[in-house]
Amino acid sequence: GHAPEPDQLFRPPSPPPPQRAPGWTHSGRVDPRHGVQLTFALRQRGAQRLAQIVDAVSDPRSPRYGQYLSLEQVRDLVQPSPTTLLTVLKWLQGHGVENCQSVTTRDFVECHMPASTAERLLPGAEFHRFVKGQQSTVRSPRPYTVPDELAQHLDFVSGLHRFPPERRGSSSTRDTKDVGSGQPPRGVA
Amino acid sequence: FHLGVTPSILRKRYNMTAGDVGVVANNSQACAQFLEQYFHQADLAEFMQLFGSSFAHRSQVDRVVGHQGRGKAGLEASLDVEYIMSTGANISTWVFSNSGRHESQEPFLAWLLLLSNMSSLPWVHTVSYGDDEDSLSLAYMERVNLEFMKAAARGLTILFASGDDGAGCRRVPGGNHTFRPSFPASSPYVTTVGGTSFKNPFLVTAEVTDYISGGGFSNVFPMPQYQAAAVGRFLRSAPKLPPGSYFNRSGRAYPDVAALSDNYWVVTNRVPLPWVSGTSASTPVVGGMVALINDRRLGRGLPPLGFLNPALYRLAGGGHSDAIYDVTHGCHLSCLDGTVQGQGFCAGPAWDPVTGWGTPNFPGLLRALLAP
């Protein structure tokens, strides 16, 4: 099969500084009947044209500056080809995946299915649960593949490897972080 | 004299008058939250009661898209809402709450899907989220970048916090270090916001770099044309640069702009908290100002600003010196090793990879961005 994301790191985010809550801990493989939600990023068309349009509508020197597109116009530009849509939907249906919905731009398909189906659909994937405090998330620590014939129709599948994002930002305890970083404490002083 | 950053301190520093508040009806702004980060309307009301007496403002978020849990308010969610509504005062505000309700959902992608599915959206979105570029697949980053292009084509302005780890640091195979860029801050189709501190922390003075301010050069996305001249000038004229092996000098350089990011007051769970810091504080501050400039543009029948960078680099590089306060002092963090000794890049005249072009002088920026 084809691995769309061979370079995607599988790594639960490192635990935050010691005074905070612990990081994600593995709590075992999920029941095969457990429901998972996967998002399929379908290959779009018109990326080059889209880049040209963005340049034109965002550059104050361009005569098209500020002439933005509607969502429907964006859809007409980027929506996947009928072949892509058919190939992906046929593949999903072939595995009994029927509970799916798309978005206006038709370039994402979101589907619900049991973990066992997802593991058959994406050979290599294995769904495990990770917990952090009250939060629980299901991810695959192993890389997934898709059939070769889908390589040109699918960018990636979401819901397997990347953990919920860590906030890049505010802290009211920078003084403690500073101790470890060798920087002078601020704020509290 | 002041005991920390509040809306009135920000508005004073960035020269926003009592009249600099939203007036048009069809304008709006938004911030996105992930995980179980919720804000409380009561915290916002209390914040505005404590700190908002000098300007017309709203004390309610108008729309929450997604699920708002009933638990305790999160510091970050409170910060975003309170400060986007302080500079973008009196502008209708939305919160996108993407908690990843389903265990296998990726909350950030869920937010992107919402953008791709809603025909009517606020013109300005601020996000304080990021991952190390090297932890993400190329397929994922390229596709997310394309989603930002879709947003840009629709006229949306998307602002990302540049991160709080300076240039970052990564040990590469072989044991050497390199800087560690962050994504989506490194996407060429978003506006990335760095951080500054007051030179004198207790006075409204000039700003210096906040040493945590994220910045650097992407290892994935090539440098876009709109910033080539500005970044080239920095690379040629910086008195001291880290060794070339630490960064990709031909990559997308960030941040684009900055604002104060240190010692904020935030009300969360009804308690006013001091000393809140990070580029997730500076990002909604800039977002609110962009929304306010949109307000004036919409009021004159002009389109909103959309993807800001081409206009920003053009105006800042083209001699609109009163639009931006150039931040020229201080350096940010990086690898603690014998070569760079914890120092990443340093700020200098014009654009630099710590504070971008600098911080906004609102009236000058408004004038420059209202011009046809």
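We name chains A, B, ... by the order of the sequence lines, and we start the count at 1 in each one.
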Requested in this report: Please work out which of the three classes, parallel, tilted or perpendicular, describes the rings of A/His112 and B/His102, given edges at 30° and 60°.
Outcome: perpendicular

Measuring heavy-atom distances to chain B, does [X] have an atom under 4.5 Å in its side chain, in its backbone, in both, or in neither?
| X | result |
| --- | --- |
| A/Gln73 | neither |
| A/Leu42 | backbone |
| A/Arg75 | neither |
| A/Val36 | both |
| A/Glu110 | side chain |

Does [Y] offer a backbone N or O that forms a donor-acceptor pair with the side chain of [X] under 3.5 Å?
| X | Y | result |
| --- | --- | --- |
| B/Ser137 | A/Asp7 | no |
| B/Glu106 | A/Pro164 | no |
| B/Tyr226 | A/Asp59 | no |

**Report entry** Lys/Arg-Asp/Glu bridge criterion (N-O < 4.0 Å) met for B/Asp131, A/Arg162
**Finding:** no

Let me know if [X] has heavy atoms under 4.5 Å from chain A in its side chain, its backbone, both or neither.
| X | answer |
| --- | --- |
| B/Met141 | neither |
| B/Leu121 | neither |
| B/Leu113 | both |
| B/Phe34 | side chain |
| B/Glu147 | side chain |

Got [X] and [Y] here, is their nearest side-chain heavy-atom distance under 4.5 Å?
| X | Y | result |
| --- | --- | --- |
| A/Tyr68 | B/Pro304 | yes |
| A/Gln44 | B/Arg143 | yes |
| A/Gln67 | B/Pro303 | no |

Minimum heavy-atom separation for [X] and [Y], please, with both atom names.
| X | Y | value |
| --- | --- | --- |
| A/Pro60 | B/Pro310 | CD-C, 4.3 Å |
| A/Ile53 | B/Ala153 | CG2-CB, 4.4 Å |
| B/Tyr189 | A/Ala51 | OH-CB, 4.1 Å |
| B/Leu146 | A/Ala47 | CD1-CB, 3.7 Å |
| B/Ala139 | A/Glu5 | CB-CG, 4.5 Å |

Rounded to the nearest 0.5 Å, what separation is found between the [atom1] atom of [X] and the [atom2] atom of [Y]?
| X | Y | atom1 | atom2 | value |
| --- | --- | --- | --- | --- |
| B/Leu138 | A/Phe156 | CG | CZ | 11.5 Å |
| B/Ser104 | A/Met113 | OG | CE | 8.5 Å |
| B/Met149 | A/Ser58 | CE | OG | 10.0 Å |
| B/Glu103 | A/Gln135 | CD | CD | 11.0 Å |
| B/Asn117 | A/Thr105 | CG | OG1 | 7.0 Å |

Top contributor to chain B contacts, counting heavy-atom pairs under 4.5 Å, from [options]:
| options | result |
| --- | --- |
| A/Leu71, A/Leu9, A/Leu160 | A/Leu71 |
| A/Thr39, A/Asp107, A/Val57, A/Val74 | A/Asp107 |
| A/Arg43, A/Arg61, A/Arg106 | A/Arg61 |

Query raised in the report: Would you say A/Glu72 has more than 12 foreign heavy atoms packed within less than 6.0 Å of its CD?
Result: yes

Query raised in the report: Can you tell me if CD on B/Gln225 sees more than 12 non-hydrogen neighbours from other groups inside 6.0 Å?
Result: no

Requested in this report: Mind ranking B/Asp134, B/Leu136, B/Val266, B/Thr283 by heavy-atom pairs under 4.5 Å with chain A and telling me who comes out on top?
Outcome: B/Leu136

